[in-house]
Amino acid sequence: MRATRVVMWLLEWLHLGIFLPALFPAAYLILIDREDALILPLICAGTLVLIPAGIAKLMIRFVKSFVVYLLLCAALLYGTYLLSGALLSAWAFERSVAAGFQVALLIETAIVMLCYVQIRLRENARYRARIENDISFTEREYVLEKPFWPLMIYFVILYILSRNYDCKAGCDASVACFIAYAAVTCLYRHLENTEAYAERLSYIRRFPYKRVRRIGAAFTLTFLIITGIACTVPAVLTQGLRSYRDLRAISAEHASADDPYWQEDPLELRYMNEELWPDLVGIRLIRIPPWLDAVVKGIAYVATVAVLILFLKAFWHFLADFRAVPEENGDISEDLAMEKTKRGMRREKRYEDLPSDAMRVRRRYKKEIRRRRKDLPKPQETPHEIESATDLIGTPEGEALHTAYEEARYAAAEEPYR
């Protein structure tokens with residue numbers, strides 16, 4: 001399963017190198033003075049986004065402080081700017097094209113970094129909802145998080161633009177990116193569904209996960225190879241039969257048409273005195289008293305301070321949510337201050353609400369299960385299924401604990417289960 005997650009991580013990172021590099025060429029090919037020979041080099045240069053995206057994906061996993069993450073992102077953006085500048089100067093791009101490409105690359109990198117921050121906040125919220133049994137948690141998926149089938153429509157749009165703006169290189173690139181993105185998405189969805197299938201059947205002992213994964217991977221790769229050949233061969237053979245038209249010529253003809261002649265300022269309004277404007281439009285200027293102006297400024301200052309305080313408070317909560325980092329085993333790291341607060345709350349409740357004997361047994365049962373299991377029990381599991389994943393099953397200690405828990409579970413306790 002660890003190897004599958006590594007492959008899924010690589011596919012999540014690779015799909016950015018297929019989708020994002022095609023964004024700037026789509027804006028460049030509609031220009032009147034474009035060069036068709038630069039379309040493919042621009043797409044190849046756009047794959048530089050994989051470097052900062054991969055580093056940011058690792059940083060968001062291990063960096064705990066948002067300020068440190070922000071500083072590292074700023075340094076990463078600057079490094080991306082220098083690297084892209086060196087690459088474009090080596091390829092002798094025009095200055096205007098190089099500047100536009102660098103700006104687009106930096107914007108794409110910043111959007112990817114912001115998307116990773118949102119993903120981390122969502123994962124932290126999911127873990128807290130799982131621990132607290134919060135059913136109000138809403139699952140959110142982000143566009144740049146993983147390969148999505150709807151994103152393939154962009155390459156269709158790029159193909160249509162290339163056909164209508166007379167760009168053969170754009171058509172070839174859109175077809176190649178479409179096939180590559182479809183292969184990455186298909187393989188990722190297969191791995192994702194396999195993981196979900198194995199998780200649903202995790203209660204089965206000796207589940208042949210490796211065999212299921214190998215069979216599914218063989219079928220998926222065979223399907224991708226056959227489909228890739230079936231799509232690539234007709235595309236290569238029919239590329240000479242494409243019909244192109246250039247919409248730039250139509251826009252140039254409209255731009256070169258004679259515009260109607262208009263005299264400049266026929267009413268000679270520019271020579272009119274500014275004091276006559278209120279009389280001309282029928283507006284009289286009102287003199288504001290100094291005290292009223294001071295009151296308005298005071299209200300504006302108070303409102304600005306209040307908005308600043310609310311912003312700082314929201315930002316502080318954001319830092320607290322960002323600071324928690326999920327670990328590999330599913331736990332989540334917390335600050336010592338949060339742990340001290342929880343201990344203080346437990347100490348306050350110790351004397352004001354003493355648990356009953358049934359509650360003591362149930363809490364002891366939960367403590368033993370958490371200590372002996374690596375994962376959390378699912379809500380639908382029975383006590384026998386919960387204990388089967390530990391070393392308590394079949395032991396005298398386990399039988400005694402199971403019997404005590406069953407008696408406490410069905411006892412008429414006054415307190416609800418916590």
Side-chain angles (χ1 to χ4, degrees), residues 1-2 5 61 64 120-140 195-207 209 317 320-418:
M1 296 180 67
R2 188 177 183 86
R5 293 177 182 176
R61 179 67 183 83
K64 296 184 178 180
R120 173 163 169 172
L121 295 178
R122 183 201 63 193
E123 293 302 318
N124 293 344
R126 176 192 282 115
Y127 179 81
R128 285 192 293 269
R130 181 182 178 185
I131 295 298
E132 300 171 1
N133 292 326
D134 185 8
I135 62 174
S136 63
F137 174 75
T138 303
E139 182 70 24
R140 296 180 180 177
E195 287 288 309
Y197 176 73
E199 185 177 358
R200 286 196 301 268
L201 300 179
S202 59
Y203 64 91
I204 301 178
R205 291 186 176 182
R206 297 181 181 180
F207 179 74
Y209 176 76
H317 287 295
D321 293 337
F322 184 89
R323 198 175 297 119
V325 181
E327 302 294 343
E328 288 292 338
N329 57 358
D331 295 334
I332 191 166
S333 62
E334 297 179 349
D335 292 341
L336 294 178
M338 297 176 62
E339 186 65 24
K340 291 179 180 178
T341 303
K342 292 182 179 179
R343 291 177 181 175
M345 293 172 62
R346 293 172 186 167
R347 195 178 301 113
E348 291 176 0
K349 293 183 178 180
R350 182 179 303 170
Y351 296 102
E352 72 180 43
D353 192 10
L354 292 175
S356 61
D357 294 338
M359 286 300 298
R360 289 193 183 96
V361 173
R362 299 180 75 167
R363 289 183 180 178
R364 176 170 167 265
Y365 182 82
K366 289 174 62 177
K367 183 178 179 180
E368 289 293 330
I369 293 300
R370 288 182 177 177
R371 186 169 65 88
R372 297 173 183 270
R373 281 190 61 156
K374 296 182 180 179
D375 58 338
L376 292 175
K378 297 181 175 57
Q380 69 274 11
E381 290 186 10
T382 62
H384 182 74
E385 293 176 347
I386 293 175
E387 297 164 9
S388 63
T390 65
D391 55 356
L392 290 172
I393 194 73
T395 62
E397 181 184 0
E399 294 294 335
L401 184 62
H402 178 81
T403 303
Y405 174 72
E406 288 292 342
E407 293 177 356
R409 183 184 181 191
Y410 295 105
E414 297 179 358
E415 294 179 319
Y417 179 71
R418 296 181 183 177

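All of these numbers come straight from a predicted model, not from anything done at the bench. Atom set for the values below is all heavy atoms of this structure, side chains included, hydrogens, waters and symmetry mates excluded.
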ask   = Does Arg140 offer a backbone N or O that forms a donor-acceptor pair with the side chain of Arg122 under 3.5 Å?
value = yes
Closest non-hydrogen contact found for Val361 with Ala404 is CG1-O, 3.5 Å
The reported gap from OH in Tyr405 to CD in Glu368 (rounded to nearest 0.5 angstrom) is 14.0 Å
Heavy-atom side-chain contact between Glu195 and Arg5 under 4.5 Å | yes
query: Would you call Leu401 and Arg364 a side-chain contact if the rule is heavy atoms closer than 4.5 Å?
result: yes
Salt-bridge test for Glu123 and Arg126: reply yes if a basic N is under 4.0 Å from a carboxylate O, no otherwise. yes
For this session: With side-chain contact (heavy atoms from CB on, under 4.5 Å) as the test, would you mind laying out the steps for Glu406 and His402 before giving the verdict?
Result: CA-CA 6 Å; Glu406 288 292 342; His402 178 81; 3.5 Å; yes
Does the side chain of Tyr365 reach to within under 4.5 Å of the side chain of Ile386, using non-hydrogen atoms? yes
